[in-house]
2 protein chains.
Amino acid sequence: MRRNTLGTLIWLRIARFTHQSNLLSNDFLKPFGITAAQFDVLNQIATYQPIKQSELAVKATLSEGGISRMLTRLEQDGYIQRKQEWKTKWISLTSSGEAKMQEVFQHQLTFQTTMVDECLTEEEQKTLYKLMTKLQKNTENKLGC
Amino acid sequence: MRRNTLGTLIWLRIARFTHQSNLLSNDFLKPFGITAAQFDVLNQIATYQPIKQSELAVKATLSEGGISRMLTRLEQDGYIQRKQEWKTKWISLTSSGEAKMQEVFQHQLTFQTTMVDECLTEEEQKTLYKLMTKLQKNTENKLGC
DNA sequence: ACCAATCACTTGACTAGTAAACTGAAAAAG
DNA sequence: CTTTTTCAGTTTACTAGTCAAGTGATTGGT
């Protein structure tokens with residue numbers, strides 16, 4: 001009892017990093033008036049628009065309900081629009097949303113990149129990316145069952 | 001624009017893994033009647049009890065408000081108790097909470113360990129742990145400022 | 001032509017988290 | 001002795017997410 005394995009220590013580090021980096025991201029994005037979660041979704045929309053709501057949920061790894069709520073907020077803030085066609089809703093950025101991404105994207109990219117660059121070498125980053133990809137893909141597969 | 005760096009790809013992988021592994025953990029813990037977040041807090045209490053509420057917040061990397069709410073829920077479920085002394089509240093497990101941890105801990109440890117073991121070698125795990133530790137410590141330091 | 005199934009999305013009830021404003025009692029200051 | 005500060009914790013108002021039940025229009029079966 002009360003003895004940890006390497007595996008659980010890895011989980012803990014990852015969980016802590018995610019939580020803390022999220023706080024930092026939210027702090028960083030505050031002046032821009034959006035949250036880290038909103039940035040993620042807007043970024044997916046910018047990349048894939050126009051995109052079905054259900055497909056967006058998959059890209060952002062959110063539940064159907066979760067994406068519905070998030071899009072309601074983003075719509076209220078005027079960043080996105082939903083165009084109903086048959087039974088599907090097509091999501092795209094409004095010009096306001098487009099402008100917001102133009103404003104924020106580069107900053108956020110630099111912010112994230114710097115955080116990693118300042119503590120890991122190029123070689124280490126490649127290794128970390130490879131290992132995290134393995135781990136994440138394995139987890140993703142489990143989720144399907 | 002729209003070009004990602006290695007750093008942002010790493011962030012994305014980590015975020016996805018955390019989110020997905022959390023879903024899996026919650027699913028796994030469901031039969032035991034607790035959530036992953038509750039397990040984490042109970043685990044910290046088990047390790048450090050009796051512990052001040054404010055110190056527990058630090059250990060669990062939660063805000064003061066967050067830990068207050070979480071403990072209210074855990075108290076309602078009968079897993080923990082808060083003993084007021086002067087102005088601080090000392091948190092410890094009840095016998096029911098102790099029993100629950102006895103029941104769950106080993107399972108959750110095995111669950112997490114297996115997830116990592118089945119896709120990474122011992123060597124890879126050591127490397128991943130080292131790199132994630134660097135990254136997390138760096139993030140933690142930023143948070144203080 | 002009608003009833004059932006299905007599809008895409010929404011809603012209700014919940015956990016979980018934050019920041020910021022608020023308590024209430026103790027210690028320190030005058 | 002009052003008044004003020006301070007400290008630990010709570011509460012409020014919010015975002016963000018889940019699951020599961022509900023909606024409402026279209027499509028299929030008989």
Side-chain angles (χ1 to χ4, degrees), chain A residues 15-16 18-42 44 50-77 79-91 143, chain B residues 15-16 18-42 44 50-77 79-91 143:
Chain A
R16 290 285 190 266
T18 303
H19 189 232
Q20 291 169 338
S21 70
N22 233 312
L23 291 179
L24 283 179
S25 263
N26 275 320
D27 218 48
F28 176 75
L29 288 174
K30 203 164 200 176
F32 299 103
I34 60 171
T35 66
Q38 287 168 356
F39 176 82
D40 279 351
V41 173
L42 288 175
Q44 295 293 331
I51 183 173
K52 288 186 210 168
Q53 183 164 321
S54 50
E55 273 177 20
L56 182 56
V58 176
K59 295 278 185 205
T61 53
L62 291 179
S63 64
E64 283 283 324
I67 202 73
S68 179
R69 280 164 162 48
M70 174 58 89
L71 289 178
T72 302
R73 285 189 293 268
L74 289 175
E75 202 172 27
Q76 266 160 12
D77 293 346
Y79 294 136
I80 61 123
Q81 66 202 97
R82 302 196 239 203
K83 276 210 192 89
Q84 185 116 25
E85 178 188 294
W86 298 93
K87 38 183 127 181
T88 77
K89 290 194 176 174
W90 292 90
I91 314 299
L143 216 54
Chain B
R16 290 286 189 265
T18 302
H19 190 231
Q20 291 170 338
S21 70
N22 232 312
L23 290 179
L24 282 178
S25 263
N26 274 319
D27 216 50
F28 176 76
L29 288 172
K30 204 165 198 174
F32 299 104
I34 59 171
T35 66
Q38 286 167 357
F39 176 83
D40 278 351
V41 173
L42 287 175
Q44 295 293 332
I51 181 172
K52 288 186 210 169
Q53 184 163 320
S54 50
E55 272 178 20
L56 182 57
V58 177
K59 295 277 185 204
T61 53
L62 290 178
S63 63
E64 282 284 327
I67 203 73
S68 179
R69 283 167 182 331
M70 173 60 87
L71 290 177
T72 303
R73 286 190 293 268
L74 289 175
E75 201 172 28
Q76 264 159 14
D77 293 346
Y79 294 136
I80 62 122
Q81 66 202 94
R82 302 197 238 202
K83 277 210 191 87
Q84 183 117 26
E85 178 187 292
W86 298 91
K87 41 181 127 178
T88 76
K89 290 192 175 175
W90 292 90
I91 314 298
L143 216 55

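Sequence lines set the chain letters: A, B, ... in the order given, protein chains first and strands last, and positions in each chain run from 1.
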Nearest-Å distance for atom pair [atom1]/[atom2], residues [X] and [N]:
X     : N      : atom1 : atom2 : result
B/K89 : C/dT23 : NZ    : C1'   : 12 Å
B/E85 : D/dA8  : CD    : P     : 14 Å
B/L62 : C/dG17 : CG    : P     : 5 Å
B/I34 : C/dA16 : CD1   : C1'   : 15 Å
A/I67 : D/dT18 : CD1   : C1'   : 14 Å

Along DNA chain C (nearest heavy atom to each residue), the more 5'-positioned of A/D27 and A/K52: A/K52
Both A/E64 and B/G65 contact DNA chain C. Taking the nearest nucleotide for each, which residue is further toward the 5' end? A/E64
Please round to the nearest 0.5 Å and tell me the distance separating atom CE of A/M70 and atom CD1 of A/I80. 10.5 Å
Tell me what A/T88 touches on the nucleic acid: a base, only sugar-phosphate, or nothing, going by heavy atoms under 4.0 Å. sugar-phosphate
So, does the side chain of B/R82 form a donor-acceptor pair with the base of D/dG9 at under 3.5 Å? no
Is there a side-chain contact between A/H19 and the phosphate of C/dT18, meaning an N or O under 4.0 Å from OP1 or OP2? yes
Please determine if a side-chain N or O atom of A/Q38 lies less than 4.0 Å away from the OP1 or OP2 oxygen of D/dA16. yes
Closest listed nucleotide, where the reference is the side chain of A/L23 and the choices are C/dA16, D/dG17, C/dT18: C/dT18
With the side chain of A/Q53 defined as its heavy atoms from C-beta on, choose the nearest nucleotide among C/dT10, D/dA16, D/dG9. C/dT10
Using atom types as modelled, flag every donor-acceptor pair under 3.5 Å from a side chain in residues 20-30 of chain B to any protein atom, sequence neighbours excluded.
residue, atom, partner, partner atom, Å
B/Q20, OE1, A/Q136, NE2, 3.1
B/Q20, NE2, A/E140, OE2, 3.1
B/S21, OG, B/F17, O, 3.0
B/S21, OG, B/T18, O, 3.2
B/S25, OG, B/Q108, NE2, 3.4
B/N26, OD1, B/A36, N, 2.9
B/N26, ND2, B/N22, O, 3.3

Pairs involving residues 62-77 of chain A, ordered by first then second residue, that meet salt bridge (charged side-chain N to carboxylate O under 4.0 Å, His left out) (sequence neighbours left out): A/E75-A/R82
Please compare A/N26 and B/K30 by the position of their nearest nucleotide in DNA chain D and report the one closer to 5'. A/N26
